[in-house]
Each structure stands twice: as C-alpha cells, then as structure tokens.
Amino acid sequence: MEKPFFEQVYDLVRQIPYGRVSTYGAIAQYLGSGGAARMVGWAMNKAHNQPKPVPAHRVVNRIGVLTGKHHFDGLNTMQQLLKSEGIIVIDNQIQDFQKVVWHPLVELHKSQNSL
DNA sequence: ATTTTGACGACGT
DNA sequence: GACGTCGCCAAAA
C-alpha cells in the first residue's frame with residue numbers, strides 16, 4: 001500500500017527545486033488524481049502539522065497567483081519566501097510564472113527518477 | 001456511513 | 001477575456 005494521498009503531496013512538494021514553483025493541478029495530476037487539485041491545497045493546510053518542513057510557499061494555483069498566502073503566518077510571508085528564491089511576485093501574481101513553474105510529471109519524467 | 005469542505009480547474013456565459 | 005457555476009476527490013466533522 002502506498003503512502004496516504006497527503007503524504008505523497010508533501011513528498012512531491014519537497015522535491016520542488018529552489019527558485020521554482022508548482023501548481024496544485026500539476027501535483028494532483030502527478031499523483032494520478034488530476035481533478036484533485038483542491039485536495040493538494042488542503043493537504044498544505046495539514047502540512048503545518050507535518051514533522052518535515054514542506055515548502056508550501058512554492059505551490060500556487062495554475063495562474064501563478066499566491067492564493068494561499070493568507071494561510072501563512074503573516075500576510076506577505078509567502079511572497080517574501082518566493083522573493084528570496086529569486087521569484088518576483090507582484091500583487092500576489094508571480095512574474096514570469098511560466099518560466100518558474102515546475103511540472104513534476106514532465107521534470108521527473110526527464111530524469112526517470114526511481115525509488 | 002453521510003455531509004461539508006477546501007490554498008482548484010475546466011467549461012459556460 | 002473576465003466572471004460565474006459545476007465538478008472533483010479525498011479527508012474531517
């Protein structure tokens with residue numbers, strides 16, 4: 001039996017490289033549940049309870065808007081973290097989003113990563 | 001076990 | 001192209 005859905009989400013989010021972001025839909029799709037995008041976001045909520053740190057700030061919606069920023073400690077915590085990684089965020093919108101987006105299915109497929 | 005939710009996404013208007 | 005509605009899927013109450 002595989003890990004619970006949530007844990008798979010955390011594991012994948014931790015695999016997001018520095019200076020890159022991912023989308024809920026892409027993550028859900030990687031897990032095989034394309035339509036479960038909302039589930040991914042919800043998993044992020046529980047991520048705070050996780051023993052391992054989850055870079056939830058690197059997860060945004062399909063348009064690159066920091067929809068979940070208000071779930072963080074402060075109001076602009078998420079934006080600050082992204083900015084620290086070289087990602088420019090203006091008005092909750094990631095600039096050059098398409099350039100920093102990280103598709104797990106595509107990226108991991110190129111590496112043929114096995115575990 | 002049933003119902004609601006939840007940091008979304010796609011389609012329709 | 002922006003706004004609205006419905007659908008998804010899995011977990012929590």
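None of the values given here were measured: they were computed from a predicted structure. Chain letters run A, B, ... following the sequence lines, proteins first and then strands; every chain starts at 1.
- Taking the side chain as every heavy atom from C-beta outward, A:Met39 and A:Phe6 approach each other to under 4.5 Å.
- The shortest side-chain heavy-atom distance between A:Lys69 and A:Thr77 does not fall under the 4.5 Å cut-off.
- Between A:Met39 and A:Gly25, the residue whose closest nucleotide on DNA chain B is further toward the 5' end is A:Met39.
- In this structure, C:dA11 forms a base pair with B:dT4, meeting either the Watson-Crick or the G-U wobble geometry with both donor-acceptor distances under 3.5 Å.
- Of the candidate nucleotides C:dA12, C:dC9, B:dG6, B:dG6 has the atom nearest to the side chain of A:Asn45.
- Looking at heavy-atom distances under 4.0 Å, A:Asn61 makes contact with sugar-phosphate atoms alone, never a base.
- Contact check, A:Thr67 against B:dC8: a side-chain N or O comes under 4.0 Å of OP1 or OP2.
- Going from atom CD1 of A:Ile63 over to atom C1' of C:dC3 covers 12 Å, rounded to whole Å.
- Comment: A:Glu85 engages A:Arg58 in a salt bridge, judged by a side-chain N to carboxylate O separation of less than 4.0 angstrom.
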Set out, line by line, the N/O atom pairs under 3.5 Å between protein and nucleotides 4-7 of chain C.
from	atom 1	to	atom 2	distance (Å)
C:dG7	O6	A:Arg38	NH1	3.2

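- Put simply, OH on A:Tyr30 is 22 Å from P on B:dC8, counting in whole angstrom units.
- Looking at heavy atoms from C-beta onward, A:Tyr10 lies out of side-chain contact with A:Lys52 at the 4.5 angstrom threshold.
- The residue A:Lys46 sits close only to the backbone: its heavy atoms come under 4.0 Å of sugar-phosphate atoms, none of a base.
- Distance CG (A:Leu31) to P (B:dC8): 16 Å, rounded to an integer number of Å.
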Pull out every protein N or O sitting under 3.5 Å from an N or O of nucleotides 11-13 of chain B, one pair per line with the distance.
none

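- Using a 4.5 Å heavy-atom threshold, the side chains of A:Arg14 and A:Pro55 count as touching.
- Side-chain contact between A:Met44 and A:Val59: present, with at least one pair of heavy atoms (C-beta onward) separated by less than 4.5 Å.
- Within the 4.5 Å cutoff, the side chain of A:Ile16 has no heavy atoms near those of the A:Val21 side chain.
- By the neighbour-count criterion of 12 heavy atoms within 6.0 Å, atom CD1 of A:Ile63 is densely surrounded, having more than that number from other residues, nucleotides or ligands.
- Of the candidates C:dC9, B:dC8, B:dA7, B:dC8 carries the atom nearest the A:Ala37 side chain, counting heavy atoms from C-beta on.
- We find that CD of A:Gln29 is positioned 16 Å from P of C:dC8, with the value rounded to whole Å.
- In this structure, A:Ala56 reaches the bases: a heavy-atom distance under 4.0 Å links it to at least one base atom across the strands shown.
- The CZ-C1' distance, from A:Phe6 to B:dT5, rounds to 11 Å in whole Å.
- Computed from coordinates, the A:Trp42 CH2 to C:dA10 P distance equals 12 Å when rounded to whole Å.
- Residues A:Met78 and A:Val60 have side chains in contact (heavy-atom distance under 4.5 Å, counting atoms from C-beta outward).
- Remark: P of C:dA11 and NE2 of A:His48 are 19 Å apart, rounded to the nearest angstrom.
- What separates CD of A:Glu7 from C1' of C:dA11 is a distance of 15 Å, to the nearest Å.
- A:Thr23 is listed as a side-chain neighbour of A:Phe97, based on a closest heavy-atom distance under 4.5 Å.
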